[in-house]
Structure formats: structure tokens, C-alpha cells
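For reference, the structure is listed below as C-alpha cells.
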Amino acid sequence: ALIDNAGDKTIYKAYVGKKLGKQDMVFFDSSFVDYAKWPNNTGDNNPIRANTHDTTHPGLNDPWLFPTWAFIDSADGKPDGVALSDYYYGTIYDAELPFGEDELVGAEFLTKSGQGWYMYKGQITDSSAGSFFINGNMQFHEEYCPSATDEYMLYGKKIFLDYENEWFCDDEGYIYIITPDGTNPNEADIEVKTRLNAIEIGGNDYITIEGINLFAGEIDMRGSNHTDVVGISMNYMNKGPVIDGDYNRFAESTIRHSLNELITVGGKNNKVINNLMEYGSLDGANSAVNIHNALDVVVAYNTVRFVGN
């Protein structure tokens, strides 16, 4: 249903019911739709767009790979010398903020502060023109406290829905979307992710998965042994496969677009061989390929590229 306008943009609304929270995803004719945030994702920060002549490159028009960031003018709060176990609290200042008194209360704050090795998140509890306050919801080491010129973005409120190819879902289960180029949603295929896992074999042994294409769904194979996963394609997920059993093989497959790790390998005698893995660890918080508590594993002949960490 047509419900509202955001400037010259038309907002549509539909009921989708059950949500996955921050793991929700929306697709417009199989293309990823960006979650509503500020600043808007203009695509100007996409090095693929600037440096490639390959018009078929999967990252060319993908809005979540290289988002547009705002910049902190200054910040105050947590004093020098505090420990990692303490929480950040303080005010962030940015003269470019286009929001009024209390409009940002309840919004989420994401920053690449300090050296930018990690994304820190928090919730805004107070705001006014040109500033907002974060109170006790992010753990920071001293050198990573927000400061001038650090990058950040805001999300989690409907007021950020004002740009094409954006969406927002409220607590009642209604989705709001501004479609690409103002296309009528009745003339397109709009899909909303409804579950995390497409395949669940966790704890089962001696299973072969071959030649399957997964879209916006994950594989749960935790605790499985002697499992063979070959020639599959995975696109858009919160987290890639976790291989923590023994004597498993993951080979000749493609894993693409993971907010967190592309793959995690533990256990013993597991093999991850000859895969293409790209666009992972997009929040910068985890390694794209995570080898953890592993014994005698082989990770070889893989291509890993375009990752956040």
C-alpha cells in the first residue's frame, strides 16, 4: 500500500509479521535492499565502482559492501586511562546532523573509531541539534573511544527512511520500503528473509551436500562429523558455515555476502579447499576466515577477497 512520502520519494508499506531483528534482509528482484540509515548510501565510497571495468562484478552495485559514512566533529565523555571493561558514555558532535531535538533517541550508533579495526555499536539516549548522547552500552579501550574525524552511521529508526532502495521494519511487523527508481512494488518480486538456516544437519554424521544454491539462508553443521559439502553456492547470510566437528570437507564452493565470518573452522582433520569466499566480515568485527580451536585442519587453495577484517 502507498502510505507516505519522504521528500520526493514514495514509501510503501506491507505486513510481514515475524522478524529476525538485526538479521532481517530484504530483496527487490533478487537484489539486496539497504537498511534505512544516515547518511544515505550514495555509492560514492565503492572502490569497485571506481576501479573496475567489469560490469558483471557482484560488488558493483551492492549497497552494503561500501557504505557512506558520516564524520565526528568532536566527542567527549569517558576519561583517559579507563579499562576495556568499562563502558563508553558521552556526547558525539556533528554539525552536519539534519535532525532536531530528541529525534535520534532510540537510534543505533555504529562507529569505526580509533584505528578502525573493530566496529562499535551503541544506542542513543538523548539528542539535540548537532549532537547526541550515548550512555553505557559500548565497551571501549581508551584508544578506541570516539574522537574527531572517526567514521560513523546511524540506523534503527523510521526517520532514516528517505532514500531509494531502503527499507525499515517496525515492532509490529510492518515493512516500509522506498523502491529503486520509484518502481511500483506490485510490479516487482519483493522478498523478506524469514529464517536463518536453509539446511540444518547439526550433530548428524556422514552426510553429503552437493550442487545446491542457497540464497539468504545458512547451513547449520555444528557438531557434524564426516560431512562432505561440495559445489554449493551461498549468498547473503548473517554468518557463514561453522565447521567444528571432525573429518569434514568443504570444497569447490562459493560463499558470498556475510555480515560476520565467511567460514569458521575448528575441530580436527577438517578440510576447506578450493573455495571462493568474498564480501565477509562486513562489520569489521570478526575475521573473514576464522580458524579457532582447530587441530590438523587444512585450509588451502581458497580465494578470499573484499573482506572487512
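Predicted model, so just to flag it, every value in this text is computed and none were measured. Numbers here simply count residues along the sequence, with the first being 1.
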Please tell me if the side chains of N302 and M277 come closer than 4.5 Å, counting only heavy atoms from C-beta onward.
yes
Can you confirm whether or not the ring centre of Y176 sits under 6.0 Å from the ring centre of W167?
no
Side-chain contact test, heavy atoms from C-beta onward, threshold under 4.5 Å: evaluate it for L154 versus I124 and give yes or no.
yes
May I ask you to test the Y206-D228 pair for a side-chain heavy-atom distance under 4.5 Å?
no
Indicate yes or no for a side-chain donor-acceptor contact from D246 to the backbone of N225 under 3.5 Å, with no hydrogens or angles considered.
no
I255 side chain reached by P241 side chain, heavy atoms, under 4.5 Å
yes
Taking the six-membered ring for Trp, are the ring centroids of F109 and F132 within less than 6.0 Å of each other?
yes
Around atom CD of E96, are there more than 12 heavy atoms of other residues, nucleotides or ligands at under 6.0 Å?
no
Which is it for K239 and E218 under the salt bridge (Lys or Arg N to Asp or Glu O under 4.0 Å) test, yes or no, and what are the steps along the way?
CA-CA 7 Å; K239 187 182 183 72; E218 301 170 19; over 6 Å; no
Can you tell me how far apart CE (M237) and CG (L262) are? Round to the nearest 0.5 Å.
7.0 Å
Does a side chain donor of either D296 or N269 reach within less than 3.5 Å of an acceptor in the other side chain?
no
Might you confirm whether atom CZ of F99 has over 12 heavy atoms from other residues, nucleotides or ligands at distances under 6.0 Å?
yes
Polar contact flag, side-chain donor to acceptor under 3.5 angstrom, D34-N165
no
Compute the ring centroids of Y236 and F32, then answer whether they are less than 6.0 Å apart.
yes
Could you tell me if the ring centre of Y35 sits under 6.0 Å from that of F160?
no
